[in-house]
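Report on one structure; see the data block that follows.
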Amino acid sequence: MADPLDFSGKVAVVTGGCRGIGAGITRRFLEAGAEVVICCRHAPEEIPSADGRAAAFVEADVRDPDQVDNVISFAMGQFGRLDVLINNAGGAPPADSASASPRFTTSIITLNLIAPLVFAQRANAVMQSQPEGGCIVNIASVSGMRPSPDSAAYGAAKAGLINATTTLAVEWAPKVRVNCVTAGLIRTEQAHLFYGDEEGIAAVGKTVPLGRMGEPDDIANACLFLASPLAAYVSGENLVVHGGGERPAYLDASTSERLNP
């Protein structure tokens, strides 16, 4: 039986694949044998690589549909096919919901919801024309599933992306599978913006049932599974990768010896 995690001959596009979670996803698909095209607004100091192969880089702002088309055209011109799209580009700085400007809110929703919808649309047009179809994986966040102070627009956009995943999976079947990976608390180079110094990051990790914050590889492995034949009958699904979630606040408030031995 062929290795279901062997992506040799396959082509993947990873948006925001230059750093953080995106770089981890890029390296994982390279390790699996895929050709990987990444896009970011600015060229990184170092292109993600693995096993002696580097990703192909296209400078692009995913908020611009014309630049999205350029990425798709590059992948097709370079490799002649598109098997996997990982909609990873996104994010938002902390912002006070009471004073965030309409311009700021619009920019966050454009990056985290509208851009991946447009990219998915363009990728689907190619995948529908291929005999093997294709697979799209949207990267969401637990911010879209629970209250997210200082990230209202971001959380709302990610909630929309989770919902859109289920709709696109129905509309684009059976040729194209569409799934979502919802990331929990992941340690990246920007973790300090939300969790503070190393002591703060370690303390936050201890609140997760599995005892640590996630790493980019944890998300990358979930993406590889969803894009593989192992998930051939999985579509419209939201795979939550959060280490067991967050400890309910009432457990720490309770004086029960059973709950807090």
Side-chain angles (χ1 to χ4, degrees), residues 4-5 7 10-17 21-22 24-26 28-29 32 34 36 62 65 68 71-72 75 81-91 109-146 148 153-184 186 214 216 218-245:
L5 296 180
F7 279 71
K10 302 294 186 181
V11 178
V13 168
V14 181
T15 69
I21 291 174
I25 295 170
T26 298
R28 190 68 187 90
F29 274 85
V36 183
V62 297
V68 170
V71 178
I72 298 293
R81 61 185 298 116
L82 175 56
D83 301 284
V84 181
L85 168 64
I86 308 294
N87 258 325
N88 166 76
I109 292 176
T110 299
L111 174 61
N112 291 282
L113 178 58
I114 297 175
L117 284 174
V118 171
F119 223 121
Q121 182 187 59
R122 301 300 202 267
N124 174 68
V126 172
M127 294 173 178
Q128 292 290 346
S129 68
Q130 299 176 157
E132 306 89 346
C135 173
I136 297 171
V137 179
N138 297 317
I139 305 300
S141 165
V142 290
S143 293
M145 300 176 63
R146 48 97 164 125
S148 185
Y154 175 75
K158 290 301 188 181
L161 188 60
I162 293 170
N163 180 272
T165 296
T166 63
T167 299
L168 299 181
V170 173
E171 290 193 31
W172 297 347
K175 272 291 192 71
V176 176
R177 294 187 298 109
V178 186
N179 288 292
C180 187
V181 172
T182 288
I186 308 298
D218 294 312
I219 304 303
N221 289 335
C223 290
L224 193 74
F225 161 70
L226 286 175
S228 78
L230 294 175
Y233 200 58
V234 180
S235 194
E237 184 56 62
N238 179 25
L239 177 56
V240 183
V241 182
H242 63 358

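Residues take their numbers from the sequence shown, with the count starting at 1. Quick note: numbers below take in every heavy atom, side chains included, and nothing from hydrogens, waters or symmetry partners.
Side-chain contact between Phe29 and Ile25: present, with at least one pair of heavy atoms (C-beta onward) separated by less than 4.5 Å. Here the side chains of Asp83 and Cys135 are not in contact, with every heavy-atom distance at 4.5 Å or above. Within the 4.5 Å cutoff, the side chain of His242 has no heavy atoms near those of the Thr182 side chain. For the pair Val178/Glu171, no side-chain contact is recorded, criterion being any heavy-atom separation below 4.5 Å from C-beta on. When side chains are defined from C-beta on, Val176 counts as touching Gln128, because their heavy atoms get closer than 4.5 Å. Between Phe119 and Val13 the shortest side-chain heavy-atom distance falls below 4.5 Å.
No option in Val71, Asn87, Leu111, Asn88 other than Leu111 meets the side-chain contact (heavy atoms from CB on, under 4.5 Å) test with Val62. When each of Ile219, Val137, Leu224 is checked for a side-chain contact (heavy atoms from CB on, under 4.5 Å) with Ile86, only Val137 meets the rule.
In terms of heavy atoms, Gly24 sits closest to Pro216 at CA-CB, 4.2 Å. Counting all heavy atoms, side chain and backbone alike, Met145 lies closest to Asn238 at SD-ND2, 3.9 Å. Nearest heavy atom pair, residue Ala159 against residue Gly144, reads CB-O, 3.3 Å. Counting all heavy atoms, side chain and backbone alike, Ala120 lies closest to Ile136 at O-CD1, 3.8 Å. In this structure, Gly91 and Asn112 approach most closely via the heavy-atom pair N-OD1, 2.8 Å. Scanning all heavy atoms of the two residues, the minimum distance from Gly184 to Val142 falls at CA-CG1, 3.8 Å.
Here Leu5 contributes atom CG and Leu230 contributes atom CG; the two are 5.0 Å apart, rounded to the nearest 0.5 Å. Of the inter-residue distances, the one linking Arg177 atom CZ with Leu226 atom CG reads 7.0 Å to the nearest 0.5 angstrom. Taking OH from Tyr154 and CG from Leu113, the interatomic distance works out to 12.0 Å, rounded to the nearest 0.5 Å. In this structure, CG on Asp218 lies 11.0 Å from SG on Cys223, to the nearest 0.5 angstrom. Between Ile72 atom CD1 and Arg122 atom CZ the span is 9.0 Å, to the nearest 0.5 Å. With rounding to the nearest 0.5 Å, the separation of CD in Gln121 from CG in Leu85 is 12.0 Å.
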Quiz item: Given the rule in the side-chain contact (heavy atoms from CB on, under 4.5 Å) test, do Leu239 and Val241 qualify, once you have shown the distances and angles that lead to the verdict?
Solution: CA-CA 6 Å; Leu239 177 56; Val241 182; 4.1 Å; yes

Quiz item: For Val240 and Val181, what are the C-alpha separation, side-chain angles and deciding distance, and is it a side-chain contact (heavy atoms from CB on, under 4.5 Å)?
Solution: CA-CA 6 Å; Val240 183; Val181 172; over 6 Å; no

Practice problem: Give the C-alpha distance, both sets of side-chain angles, the deciding distance and a yes or no for salt bridge (Lys or Arg N to Asp or Glu O under 4.0 Å) between Glu132 and Arg81. | Solution: CA-CA 10 Å; Glu132 306 89 346; Arg81 61 185 298 116; 3.6 Å; yes

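For residues 156-170, the side-chain hydrogen bond (donor to acceptor under 3.5 Å, both in side chains) pairs, not counting sequence neighbours, are Asn138-Thr165.
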